[in-house]
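Heads up: the structure comes next, in structure tokens.
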Amino acid sequence: MDSIEFDAIIRHPRTIIHIDVDCFYAQVEMLRHPELQSKPLGVQQKNIVVTSNYLAREYGIKKCMSVEEALQLCPELALVNGEDLTHYRHYSAKILKILHRFTPLVERLGFDDNFLDVTSIVQKYMNSGNDSELNISINMEDEHPVGKVFGPSEEECPCGCHSRLIIASKIAAEIREQIYKDLHITCSAGIGHNKLLAKLVGLLHKPNQQTLIFPCSAAMLLSTIESVSKIPGVGQKTTQLLMSNNIKTVDDLRKTPLEALEKKIGIDLARKLKDNAEGIDETVVKPTGKRQSIGLEDGFKSVSLIAEVESRLGALLRRLTELAMEDGRIPVAMRLTVRKHDFNKSASGKRETRQCALPKHLLPSSKSGIYDHAKMLALAMKLFHRTVDVSKPFHLTLLGVAFTKFEERSSGKNSITSFLRKQVAVQSVLDISSEEGVSDINLGSPMSVNQDSNDGSAMSTTSSPISKPIGTNNQTVDDDVLNEIEPLPKKTRLEVWLSGRRESPSNEMADLRLSPSSPMQLSPKIDAAVLKSLPIDIQREVTRSWPTTSKPKSNNILKYFIANK
DNA sequence: CTGGGGTCCT
DNA sequence: AGGACCC
């Protein structure tokens with residue numbers, strides 16, 4: 001077969017639907033507060049209106065606008081706080097379940113953005129006129145797509161994608177209908193033969209509508225997007241790089257020779273963007289599995305006291321352990337995130353993270369079935385002291401804590417797999433107990449904050465003799481476990497103090513010293529020899545079920561069947 | 001005081 | 001551990 005004919009036949013083999021929930025947070029809040037349904041509504045996080053309903057958008061309110069600005073545009077704007085994502089997470093899971101009724105091939109970006117590869121269900125419809133597994137029947141006689149179509153559709157592509165896309169538009173309509181019937185949430189959809197086109201075309205008609213694009217209109221769609229920054233994957237940095245090279249539009253991108261572009265932005269990105277500029281995108285829909293991390297963050301004006309850090313981390317950890325229990329898997333590592341106030345310039349304020357293994361005995365699987373919050377907090381504080389030099393004044397604008405590696409809850413028996421998996425998870429994580437073994441010397445004298453500063457705030461009178469002798473403080477967490485676990489008060493002394501304090505934080509602070517966090521026995525070293533000593537087929541069995549850290553390199557063979565360019 | 005989440009790559 | 005990206 002001539003390679004050109006071959007190209008023509010196999011060109012657009014996939015069918016992709018992109019489902020975007022309309023102003024997701026705002027819809028959820030309207031469901032929770034029906035009286036707000038008919039009013040302009042914004043969802044607020046800190047000083048930001050992160051999203052708003054369409055009534056509010058008529059006033060010109062945009063995503064991530066400041067509250068001030070939004071209220072100027074619409075003084076009667078109703079605002080609800082959306083800093084707690086619990087309800088959104090809940091609805092997001094329900095939406096995902098509905099999508100899974102259609103196909104397991106669902107890739108999620110965030111809570112409200114989904115790609116579905118419906119190639120195979122479209123094929124089922126073409127074979128039989130219905131899908132016995134779904135309760136949907138599609139009128140195959142009707143050749144018209146549901147919803148809008150972008151661009152001309154005069155000539156049918158010889159690969160047959162035309163009718164596939166039309167069927168997919170009916171499936172998309174059915175998906176949206178089921179989401180609305182079950183949840184009273186509206187979505188918009190884009191239908192195309194790849195992810196890029198499905199996503200971009202769905203933006204054209206937005207609340208509660210859907211749009212289809214045929215391949216012949218792909219280049220046209222890309223031409224109509226004004227800036228390269230609208231291409232998914234082109235963020236702020238790349239946009240700056242491109243603009244400094246006078247590349248602003250997709251057409252600029254097309255005019256730039258690949259070789260020249262590679263030198264400016266790197267070979268991988270250059271190739272991707274040259275493809276994208278023509279509407280080409282071979283990336284596959286990667287089904288989203290379990291989360292790779294579960295985290296919580298809290299931003300604030302400024303936190304400069306260790307005591308307040310401890311209080312806030314404690315609150316975050318309580319919620320985080322609840323989320324982990326819902327998830328069902330056992331976390332194996334903890335990561336702390338800190339954002340330090342950046343007052344040298346108006347720089348963005350980078351985050352710093354520290355990560356460590358989570359010792360097994362802090363986990364709920366061991367006897368009690370619950371987390372030991374005191375020790376979790378001690379561990380988090382240890383990470384904090386690795387991140388922030390508390391001998392000097394500090395002020396933070398964000399604290400976050402996350403679980404980052406997981407072990408499936410064993411369901412009992414698969415001992416060897418479970419054992420090895422745990423080892424591999426722990427192995428790559430820094431073992432913080434093994435270095436600076438006794439550590440916590442800083443913890444002994446936290447009042448040294450401000451010791452040479454003149455800002456006269458809280459602590460300057462202090463330097464209260466903290467001296468619990470470091471030596472006696474230095475029992476390990478393991479020792480604590482062996483001793484008895486002190487019943488955790490509803491409020492810790494720290495929280496009581498914090499909630500009661502007004503202006504004169506005095507030497508009460510001496511009592512707020514973090515309980516001696518100390519080296520923990522962590523992470524037995526992995527024994528690669530154990531694995532290697534197994535029969536090869538057992539090795540394979542074991543490694544196949546490991547949490548995926550390596551990814552299949554995306555050398556899609558289809559690439560070689562794409563019309564040259 | 002640009003939010004509170006996430007992903008993957010280097 | 002950080003960076004860039006997504007929503």
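Order of the sequence lines sets the chain letters (A, B, ...), proteins ahead of strands, with each chain counted from 1.
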For A:I231, which contact category applies under a 4.0 Å heavy-atom criterion: base, sugar-phosphate, or nothing? sugar-phosphate
Between A:L85 and A:T397, the residue closer to the 5' end of DNA chain B by nearest nucleotide is A:T397
Do the numbers put A:R312 on top of the ring of A:F300, so that NZ or CZ is under 6.0 Å from the six-membered ring centre and no more than 45° off the axis? yes
Below 4.0 angstrom, N of the basic side chain to O of the carboxylate: do A:R254 and A:E278 qualify? yes
So, does A:S293 get its side chain near the phosphate of B:dT7, meaning an N or O under 4.0 Å from OP1 or OP2? yes
Send over the distance from A:K272 NZ to C:dA4 P, rounded to a whole Å. 16 Å
Measuring to OP1 and OP2 of C:dA1, would you say a side-chain N or O of A:K350 lies under 4.0 angstrom away? no
A:Q292 side-chain proximity, nearest of B:dC8, B:dT2, B:dG4: B:dC8
Below the 4.0 Å mark, does B:dG5 have OP1 or OP2 next to a side-chain nitrogen or oxygen of A:R89? yes
Does A:K301 reach a base, just sugar-phosphate, or nothing at all? Heavy atoms under 4.0 Å. base
NA contact type, A:E352, heavy-atom cut-off 4.0 Å: base, sugar-phosphate, or nothing? sugar-phosphate
Reckon A:T238 touches a base, only the sugar-phosphate, or nothing at all at heavy-atom distances under 4.0 Å? sugar-phosphate
Can you identify which nucleotide, out of B:dG4, C:dC7, B:dG5, has its nearest atom closest to the A:L296 side chain? B:dG5
Checking all strands, does A:E83 fall into the base, sugar-phosphate, or nothing category for heavy-atom contacts under 4.0 angstrom? sugar-phosphate
To the nearest Å, how far apart are A:K46 NZ and B:dT2 P? 12 Å
May I have the distance from A:R108 (atom CZ) to C:dC7 (atom C1'), rounded to whole angstrom? 11 Å
Kindly say if A:T353 contacts the phosphate of C:dG2, meaning a side-chain N or O under 4.0 Å from OP1 or OP2. yes
Base, sugar-phosphate, or nothing for A:R291, non-hydrogen atoms under 4.0 angstrom? sugar-phosphate
Name of the residue among A:L212, A:I191, A:T211 meeting side-chain contact (heavy atoms from CB on, under 4.5 Å) with A:F150: A:T211
Rounded interatomic separation in angstrom, taking CZ from A:F111 and C1' from C:dC6: 13 Å
Over all strands shown, is A:N47 touching base, sugar-phosphate only, or nothing at heavy-atom distances under 4.0 angstrom? nothing
Given the rule in the ring-ring contact (aromatic ring centres under 6.0 Å, His included) test, do A:Y91 and A:Y25 qualify, once you have shown the distances and angles that lead to the verdict? CA-CA 10 Å; A:Y91 274 96; A:Y25 289 5; over 10 Å; no
Quickly work out the A:F115 CZ to C:dC6 P distance and round it to whole Å. 11 Å
Interatomic distance where CG belongs to A:L269 and P belongs to C:dA4 [whole Å]: 12 Å
Identify which nucleotide among C:dA4, B:dG5, C:dG2 has an atom closest to any side-chain atom of A:K237, counting heavy atoms from C-beta outward. C:dA4
Expressed as a whole number of angstroms, how long is the span from A:R351:CZ to C:dC5:P? 15 Å
Kindly give the heavy-atom pair with the smallest separation between A:L317 and A:A380, and that separation in Å. CD1-CB, 3.9 Å
Could you tell me how the ring of A:F403 sits relative to the ring of A:Y371: parallel (under 30°), tilted (30 to 60°) or perpendicular (over 60°)? parallel
Round to the nearest Å and state the distance from A:Q44 atom CD to B:dG4 atom C1'. 14 Å
Upstream residue (5' side of DNA chain B) when A:R335 and A:G299 are each assigned their closest nucleotide: A:G299
When you measure from the side chain of A:K286, which nucleotide among B:dC8, B:dG3, C:dG3 comes out closest? B:dC8
Nucleotide nearest A:I294 when distance is taken to its side chain, options C:dA1, C:dC6, B:dG6: B:dG6
